[in-house]
There are 2 protein chains.
Amino acid sequence: MSHTLGLRQAQKQKTRQALLEAALELLEGQSLSSLGLREVTRAVGVAPTAFYRHFRSTEDLGVALVEEALGSLHPMIRTIVSTAGDSDERITRAVELIARHVDAYPSHVRFIAREQHGGVRPVREAIRNELARFTEEVKAALVTDPMAEGWSDDDLLMLAGLYVDQMLIAASLFLEALEGPEEERQRVTRLAARRLRLISIGRAHWLD
Amino acid sequence: MSHTLGLRQAQKQKTRQALLEAALELLEGQSLSSLGLREVTRAVGVAPTAFYRHFRSTEDLGVALVEEALGSLHPMIRTIVSTAGDSDERITRAVELIARHVDAYPSHVRFIAREQHGGVRPVREAIRNELARFTEEVKAALVTDPMAEGWSDDDLLMLAGLYVDQMLIAASLFLEALEGPEEERQRVTRLAARRLRLISIGRAHWLD
DNA sequence: AATTCCGGAGAACAGTTGTTAACTGCATGG
DNA sequence: CCATGCAGTTAACAACTGTTCTCCGGAATT
């Protein structure tokens, strides 16, 4: 299946990746809808027209970025939901993993947070679809928990969505705290953990 | 106090308002960081240079839009938190009010959702500050509730933030459902209500 | 009634944008 | 080894951008 790409295609994917990375960096200070194609090629050190060999437009590039950014998030969600331990331990571990992910891929997180409600429809939809897949995955993990007994499918999906949204909010808060003092990070950690704890308590008493 | 503005200043505020409204409309299809000053003046039917009489830049205009958009939201929050009745009634009423607000000011909601994490720092900060004020207000309302007995200040702020974020998420969902079928709006209504209900349950058992 | 103030218009600027066409050189497949 | 394919280049285009300076006309002030 995985042919060792020819020299030709290898070089192509290399500049394609360079374009994506340059775009991600430029997007730290603006939104996708204002990102110019020339701006990106200039940052890479390539002719403007080379852009068209890889993407039809910056919109197109944005959609590709969604896959890349949320692709890196996918394994993390798996790790979080498959963590063992009691409720508090799992929450602490989840927040910790989120913080670490933001440290590792800050521009990915920024891009998703920014473009989730951004000005480019196809990108918004790509993010929405991808997040819906995450939510389904979280829901599937919740079903296996004995606590899920008696829960309707709809309610489980609601809970999963609540968790996913909280994770995104937490990630966004960690991002803002990235260049701040360590104490700010600690504050965010505690806040996010307490939010998740309250949701877990609500979950435990949902069927009362 | 309220002088009837001179003809001069009245006309000025009129075109200023026209600029804000035109910008808000243009921002339905893009982000603030890609909004051009000429674009706005063209939509109003005024010379590009007239823009400078009112704003230093589109960033400046964006900050002004934050006040306008969240100003309209302020009284709604007051209404929600001051509503009487048991938990379920209050939740139903709150979701209803949110839906109605989105119907009345869709572009305001869109602007806030989009620029909360958007590419223009001063605007992000203005939104963050304004939302923090809302959260404080919600917290102040929560304190008056007998259920708040034994709660720490920090936990109350956490809960208030949770509520505010959920309201914003609900508003954003209603916005997406605006041009969709009625059944989609109903789905969002039920989803938002159940989310708030779960949070309220968690709140009721927080001190266990 | 004369003077100042000021919101807006007009023209011009240098710089940027997306897109087109025709090209070059090198890896690829016959 | 030769012919084809194709990633990237070069040059040029019309259209657009933010910003400056100069000016106009009418409201505001005295």
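So you know, we letter chains A, B, ... as the sequences are listed, proteins then strands, and number each from 1.
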query: Starting at NE2 of A:H54 and ending at P of C:dT19, how long is that distance when rounded to a whole Å?
result: 16 Å
- prompt: What string of B, S and - do you get for nucleotides 15-25 of chain D, 5' to 3', when a contact is any protein heavy atom under 4.0 Å?
  reply: --SBBBB----
query: Taking atom P of D:dT29 as reference, at what distance in whole Å does atom CG of B:L7 sit?
result: 12 Å
- request: With sequence neighbours excluded, tell me which residues meet side chain to side chain contact (heavy atoms under 4.5 Å, CB included) with A:R16.
  value: A:L20, A:H54, A:F55, A:A64
query: Do any pairs count as a side chain to side chain donor-acceptor pair (under 3.5 Å) and have a residue in residues 164-180 of chain A, sequence neighbours left out, and if so which ones?
result: A:D165-B:R195, A:Q166-A:R195, A:S172-B:H117
query: Rounded to the nearest Å, what distance is computed from the CD atom of residue A:Q30 to the C1' atom of nucleotide C:dT16?
result: 14 Å
query: Near B:E28 CD, under 6.0 Å, is it more than 12 heavy atoms from other residues, nucleotides or ligands?
result: yes
Mind listing the side-chain donor-acceptor pairs of residues 102-111 of chain B below 3.5 Å, one per line with the distance, residues two or more places apart or on another chain?
from	atom 1	to	atom 2	distance (Å)
B:D103	OD1	B:R185	NH1	3.2
B:D103	OD2	B:R185	NH2	3.2
B:H108	ND1	B:S72	OG	3.4

task: Write down the distance between CZ (A:F51) and P (C:dT20), rounded to a whole number of angstrom.
output: 14 Å
query: To the nearest angstrom, how far is A:K14 atom NZ from D:dG8 atom C1'?
result: 14 Å
task: Just jot down the side chain to side chain contact (heavy atoms under 4.5 Å, CB included) partners of B:S152, sequence neighbours excluded, or say none.
output: B:D154, B:D155
statement: What residues 18-28 of chain B contributes to the DNA chain C interface at heavy-atom separation below 4.0 Å is none
- request: Find the distance B:Q11:CD to D:dG26:C1' and express it as a whole number of Å.
  value: 11 Å
message: In whole Å, I'd like the distance from the CD atom of A:E59 to the P atom of C:dG18.
response: 13 Å
query: CG of A:L142 to CG of A:L157: how many Å apart, nearest 0.5 Å?
result: 10.0 Å
query: Which is true for B:A50 with a 4.0 Å heavy-atom rule: it touches a base, it touches only sugar-phosphate, or it touches nothing?
result: sugar-phosphate
query: Mind checking what makes side chain to side chain contact (heavy atoms under 4.5 Å, CB included) contact with B:P75, not counting sequence neighbours?
result: none
field: Angle of first-five versus last-five pair axes in the helix from C:dT19-D:dA12 to C:dG30-D:dC1, to 10 degrees
entry: 10°
field: For A:E184, side chain to side chain contact (heavy atoms under 4.5 Å, CB included) partners two or more places apart
entry: A:A177, A:P181, A:R187, A:V188
Side-chain donor-acceptor contacts of residues 125-133 of chain A below 3.5 Å, not counting sequence neighbours, with atom names and distances?
from	atom 1	to	atom 2	distance (Å)
A:N129	ND2	A:E125	O	3.3
A:E130	OE2	A:R133	NH1	2.5

message: Please enumerate all residues that pass salt bridge (Lys or Arg N to Asp or Glu O under 4.0 Å) together with B:E137, with sequence neighbours excluded.
response: B:R78
query: In whole angstroms, how far is the P atom of D:dG8 from the CZ atom of A:F55?
result: 11 Å
- line: So ring pair (Phe, Tyr, Trp, His ring centres under 6.0 Å) across residues 161-189 of chain A, not counting sequence neighbours, yields none
